[in-house]
> 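Mind having a look at this structure? Questions to follow.
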Amino acid sequence: MNLIYGGYMIRDKGCGEIRESDIGLPLTLCGWVFRRRDHGGLIFVDLRDRSGILQVVFSPDVSGDAHELAHDLRSEYVVSVSGEIRKRPDGTENPNIPTGMVEMYVNKLEVLNESAPLPFGIEDAADASEALRLKHRYLDLRRPEMQKNLIIRHTVTKVIRDYFDEKGFLEIETPVLTKSTPEGARDYLVPSRLNLGCFYALPQSPQLLKQILMVSGFEKYFQIVKCFRDEDLRADRQPEFTQVDLEMSFADREDVIEVIEGMMKRLFKEVLSVKLETPFERLSFHETMERFGTDKPDLRFGLELKDMVDLSEKGSFKVFLDAIQSGGRVKAINGKGMAGLSRKEIDLLTEEAESFGAKGLAWIKVKNGFESPIAKFFPKEILRQMVPRLDAEEGDLMLFVADKEKVVHNVLSRLRLELGKRLNLIGSGYKFVWITDFPLLEWNDEEVRFEAMHHPFTSPVDEDIEKLLSVDTSNSELFTVHRSLFTDIKAKAYDIVLNGYEIGGGSIRIYRRELQKKMFELLRISEEEARMKFGFLLDALEYGAPPHGGIALGLDRLVMIMVGATSIRDVIAFPKTQKAFCLLSGTPSAVEPRQLKELYIKTDVPIE
RNA sequence: GGGGUGGUAGUUCAGCCCGGUUAGAACGCUGGCCUGUCAAGCCAGAGGUCGCGGGUUCAAGUCCCGUCCACCCCGCCA
C-alpha cells in the first residue's frame with residue numbers, strides 16, 4: 001500500500017463537526033478508520049477523530065481509484081479524505097450520531113499510516129481486561145469515552161484556574177524535590193548526588209510551603225499540583241495524584257467554605273450544566289458518626305444508624321449487655337423489605353460484617369411478629385419499641401452490631417453502603433456535605449501519644465485555645481487521667497464530601513509560635529525534632545505570620561464523580577496498577593549499577 | 001501484611017464441582033461474494049505454552065501445593 005509522507009497537513013474541520021450546513025462543500029478531513037462496511041460496490045467507513053465520527057462513502061461512481069484503495073483499509077488506519085459533503089438519501093440517516101444526517105463522498109483517499117491488527121477493538125475496549133487496556137493505553141485512550149473523560153478533566157482545570165484568577169488567587173509553583181515530612185503517609189524518596197546520603201522527598205502535599213507563602217504576603221495562593229504518597233492503592237487512590245490546593249490569609253472557615261462552594265457551583269454549571277444549591281449541607285463530625293458511622297457519608301440515601309443501647313439494656317442478650325458493660329455501643333440499621341432473606345443469605349451478610357471487623361451480626365425479622373434467634377432475650381414490648389425507632393415495618397430486617405464504638409460505626413457504615421447498593425436506594429445526582437468540628441487530637445494506643453487528626457498545624461477552635469495554652473505538658477497525668485479533656489477539643493478543620501467520597505479537606509492553621517510549640521508538646525514531638533523537620537516554618541511564624549487557612553481538593557476523585565467513573569484510573573491518562581506498576585512503560589525498573597554507584601546506594605533486598 | 005474474585009484462541013468467555021477421543025462459542029483476523037450499510041450480510045479458512053512451577057494419577061485445562069499478574073476490599077492512607 002502506498003503511504004503518503006507529505007502534503008496532508010490540511011484539515012478543514014473535525015469529523016464530528018460536520019452538519020447539514022456543510023452540504024455541498026468540498027472538504028478534506030483526517031482521522032482513524034473506526035469501522036469499515038465493505039459492500040463490494042459501496043464502501044462505508046466511519047472516520048473518527050477527536051471531535052467525533054463521520055460516515056464517508058467510497059463509490060466507484062465518484063472515484064474508481066479511491067474506491068479501489070478503500071478495499072484495503074483496515075481498523076485504525078490513518079487516512080486523509082477529500083470529497084463533497086452530501087445529505088444522506090432518505091431513509092438512510094443515522095439519528096444516533098450528531099453527523100447522522102450527512103456523509104462525505106470521497107474522491108481522494110490518502111493512507112497516512114497503516115495499523116497492525118489490534119489487541120482489542122477500540123469500540124468495545126471497555127470489555128477488555130483493564131490490564132490489557134493499561135498495557136496498550138494509547139489504544140485505550142482513543143476510545144471516545146476516555147477522550148471525553150480527559151477533555152472534561154481539561155475543562156475542569158481550566159474553569160478552576162479562571163475562577164481563582166478572578167477571585168484574586170495567584171498560582172505559584174512549589175518544588176517537587178522537597179523535604180521529607182514525618183507525620184502522615186510514607187514518602188517517596190529521591191537520592192541526592194550532590195549531597196550524598198541525603199534524600200529529597202516528593203511532596204505529600206505542598207502544606208508547609210503554602211503556609212510559608214502566606215507568611216510571605218501573597219494572601220491568596222492556589223495550585224493544581226501533583227502529590228505523592230507511598231501507600232497501598234485503591235480504586236480512588238493512586239501513588240501520584242492531583243490536588244487543587246489553596247491557602248488564604250486573613251480568612252476563617254467560612255471564607256474557605258464560601259470560596260469552594262462558589263468554585264463547585266461554577267464548575268458543575270459550566271462543565272455539566274448542573275445547578276448546585278448552595279450553601280451545601282453541613283454535619284458535625286459527631287453527628288455524621290452517630291447517624292452514618294463514617295466521616296464521609298453518602299447522603300443520597302437514608303438507612304441511618306440508630307442507637308439501641310437503652311433498649312438493649314432492657315433485654316438479656318449477653319453479647320449486647322457485655323458490649324455496653326465494657327463501654328461499647330449497640331446500634332442498628334433497617335434492611336428495608338429484607339425479611340425474606342434466607343438463613344444462608346443472612347449468613348453471607350454476617351460474613352461480610354465480620355470481614356469489616358464485627359464479631360457477629362444480630363438480626364430480627366419483622367415478620368409475623370418477630371423472627372430471630374435473639375428475640376427470646378427481649379420482652380415483647382421492647383421488641384415493639386425497636387420497630388418505630390428504625391422506621392421499620394412488616395417485612396423488614398433489623399440488623400444489630402454490638403462492639404466498641406469504633407467497630408460498630410465502621411461495620412454499620414459499610415453495611416449501610418452495601419444495603420444501599422443492594423436495595424437500589426442510591427439515587428443519582430450530587431450530594432455535597434461539609435464535615436466540621438473534627439476533634440483536634442486522636443489518641444494512639446500503640447504509640448501511647450496523641451496524634452493530630454488532620455495535621456499538626458491545624459488550629460483548635462477559638463474557645464479551646466486558652467485551655468490548650470494553659471496546659472502543663474510536663475505533667476504526664478494529663479495523657480492518662482485527663483485524656484478526655486483533650487479529645488473533646490475541636491479543630492478548625494473541615495472536609496468536603498461528595499456522594500460518599502472525601503474530595504477535600506482543610507483547616508485554619510496555627511499562626512502563632514507559642515500555640516504551635518504547645519501543639520508539638522502535646523503530640524510529644526520534641527523541640528529538637530520539630531526544629532529539624534519543620535524549623536523553617538517555626539522560624540517563619542516568628543516574623544509576622546498572618547492568620548491563614550486553606551483546603552486541598554482531590555482533583556482525580558472530583559473528575560471521576562463528574563464523569564461517572566468508578567475508578568480514578570479512568571480519568572488519569574497513564575495510571576498505575578494496584579502494585580504501583582505502569583504496565584505501559586514498565587515503571588518502576590532496575591537502574592544501571594553505575595547510577596547506584598554514583599549515589600553510593602546499595603540495595604539489600606531480602607531473598608525469600 | 002491479610003481476605004476475596006479472576007487468569008483457557010488476538011479479545012470476551014464456556015469447559016473445571018464429577019480427571020478420560022481431536023479443548024469449544026462469539027467477536028476479531030485472513031480470503032472470496034456483495035451498490036445503502038451504520039455491531040452490515042453470506043461463504044470459506046487460519047488461529048491454543050489452558051499464567052508459571054511442582055505434585056497426585058495409567059491419564060490433569062479439570063484434583064492438590066506453591067508462585068506470578070490484574071481487580072475489589074481490610075490494614076495503611078487525608
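Every chain is numbered from 1, with letters handed out A, B, ... down the list of sequences.
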> With A/Gln211, which of A/Arg509, A/His548, A/Glu247 fulfils side-chain hydrogen bond (donor to acceptor under 3.5 Å, both in side chains)?
A/His548

> Using the C1' atom as the reference point in each nucleotide, state the distance between B/A40 and B/G3 in Å, no decimals.
48 Å

> Is the positively charged end of A/Arg557 above the ring of A/Tyr501, judged by distance under 6.0 angstrom from the centroid and angle within 45° of the axis?
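Checked: cation-pi criterion not met.
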
> Send over the distance from A/Asp90 CG to B/U37 P, rounded to a whole Å.
13 Å

> Can you tell me the pairing partner of B/A70 across any strand shown, Watson-Crick or G-U wobble, with both distances under 3.5 angstrom?
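Across any shown strand, B/A70 pairs with B/U5.
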
> Can you check the distance between B/C17 and B/A78, where both ends of the measurement are the C1' atom (answer in whole Å)?
46 Å

> Tell me, for nucleotides 71-78 of chain B in 5' to 3' order, what letter each nucleotide earns: B for a base near a protein heavy atom under 4.0 Å, S for only sugar-phosphate near one, - for neither?
BBSBBBBB

> Which part of the nucleic acid, if any, lies within contact of A/Glu351, taking any heavy atom under 4.0 Å across all strands shown: a base, the sugar-phosphate backbone alone, or nothing?
nothing

> Anything under 30° is parallel, anything over 60° is perpendicular, the rest tilted; go ahead and classify A/Phe534 against A/Phe520.
parallel

> Look through every strand shown and name the nucleotide pairing with B/C17 as Watson-Crick or G-U wobble, where both distances are under 3.5 Å.
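None - no nucleotide pairs with B/C17, as no candidate has both distances under 3.5 Å.
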
> When we call it a touch if two heavy atoms are under 4.0 Å apart, what does A/Asn96 touch: a base, just sugar-phosphate, or nothing?
nothing

> Return the nucleotide paired to B/C77: Watson-Crick means purine N1 to pyrimidine N3 with N6-O4 or O6-N4, wobble means G-U with N1-O2 and O6-N3, both under 3.5 Å.
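B/C77 is unpaired by these criteria.
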
> Under 4.0 Å between any heavy atoms, over every strand shown, what does A/Pro89 touch: base, sugar-phosphate, or nothing? Just pick one.
base

> State whether the number of non-hydrogen atoms from other residues, nucleotides or ligands found under 6.0 Å of A/Asp347 atom CG is greater than 12.
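It does: A/Asp347 CG has more than 12 such atoms within range.
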
> Should B/U37 form a Watson-Crick or G-U wobble pair with both distances under 3.5 Å, which nucleotide is its partner?
none

> Using the P atom as the point on both nucleotides, what is the distance between B/A23 and B/G47, in whole Å?
13 Å

> Rounding to a whole Å, what distance do you find between A/Ile53:CD1 and B/A39:C1'?
12 Å

> With a 4.5 Å limit on heavy-atom distance, are the side chains of A/Met263 and A/Leu553 in contact?
yes

> Residues from residues 31-44 of chain A sitting under 4.0 Å of RNA chain B, heavy atoms only?
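Here the set is A/Arg35, A/Arg37, A/Asp38, A/His39, A/Gly40, A/Gly41, A/Leu42, A/Phe44.
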
> A/Phe58 ring centre to A/Arg36 NZ or CZ under 6.0 Å, with the angle to the axis within 45°?
no

> With heavy atoms under 4.0 Å as the rule, sort A/Glu354 into base, sugar-phosphate or nothing.
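Touches nothing.
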
> Taking the nucleotide of RNA chain B with the nearest heavy atom to each, does A/Asp46 or A/Ser75 sit closer to the 5' end?
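Final value for this comparison: A/Ser75.
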
> In whole Å, what is the span from the NE2 atom of A/His136 to the P atom of B/U12?
11 Å

> Check the orientation of A/Phe432 and A/Phe280. Use parallel for under 30°, tilted for 30 to 60°, and perpendicular for over 60°.
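Plane angle under 30°, so parallel.
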
> Please measure how far the P atom in B/C63 lies from the corresponding atom in B/A14, and state the result in whole Å.
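It comes out at 14 Å once rounded to the nearest Å.
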
> Expressed in angstrom and rounded to an integer, what is the separation of A/Asp127 atom CG from B/A26 atom P?
17 Å

> Tell me whether A/Lys13 at atom NZ has more than 12 heavy atoms from other residues, nucleotides or ligands lying less than 6.0 Å away.
yes

> Across all strands shown, which nucleotide pairs with B/G47 by Watson-Crick or G-U wobble geometry, both distances under 3.5 Å?
none

> Measure the distance from CG on A/Leu132 to P on B/U11 and round it to the nearest whole Å.
6 Å

> Just how far, in rounded Å, is P of B/C29 from CZ of A/Phe120?
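In whole Å, B/C29 P and A/Phe120 CZ are 15 Å from each other.
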
> Counting Watson-Crick and G-U wobble pairs only, both distances under 3.5 Å, name the nucleotide matched with B/U57, or none.
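By the stated definition (distances under 3.5 Å), nothing pairs with B/U57.
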
> Could you work out the separation of B/U57 and B/U62 based on their P atoms and round it to a whole Å?
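16 Å, rounded to whole Å.
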
> Between the base of B/U37 and the side chain of A/Arg88, is there any donor-acceptor pair under 3.5 Å?
yes

> What distance, rounded to whole Å, do you find between the two C1' atoms, one in B/A9 and one in B/C65?
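It works out to 29 Å between them.
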
> How far does the C1' atom of B/G61 sit from the matching atom of B/C50, given to the nearest Å?
5 Å

> Expressed as a whole number of angstroms, how long is the span from A/Lys135:NZ to B/G7:P?
19 Å

> Provide, to the nearest angstrom, the distance between the CG atom belonging to A/Asp72 and the P atom belonging to B/C29.
14 Å

> Check A/Leu118 against A/Ser75 and note the closest heavy-atom contact, atom names and distance.
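In terms of heavy atoms, the two residues are closest at CD1-CB, 4.2 Å.
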
> For nucleotides B/C29 and B/C76, find the distance between their P atoms and express it as a whole number of Å.
50 Å

> Looking at A/Lys148, I'd like to know if its NZ atom is crowded, meaning that more than 12 non-hydrogen atoms belonging to other residues, nucleotides or ligands lie closer than 6.0 Å.
yes

> Which class fits the ring pair A/His136 and A/Tyr138: parallel under 30°, tilted 30 to 60°, perpendicular over 60°?
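It falls in the perpendicular class, over 60°.
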
> Is the number of heavy atoms from other residues, nucleotides or ligands under 6.0 Å of A/His286 NE2 greater than 12?
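Incorrect, the count does not exceed 12.
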
> Which comes earlier along RNA chain B counting from the 5' end, the contact point of A/Gly91 or that of A/Phe581, where each point is its nearest nucleotide?
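First, find each residue's nearest nucleotide; the 5'-ward one identifies A/Gly91.
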
> Quick one: look up who B/U22 pairs with, Watson-Crick or G-U, both distances under 3.5 Å, and put none if it's unpaired.
none

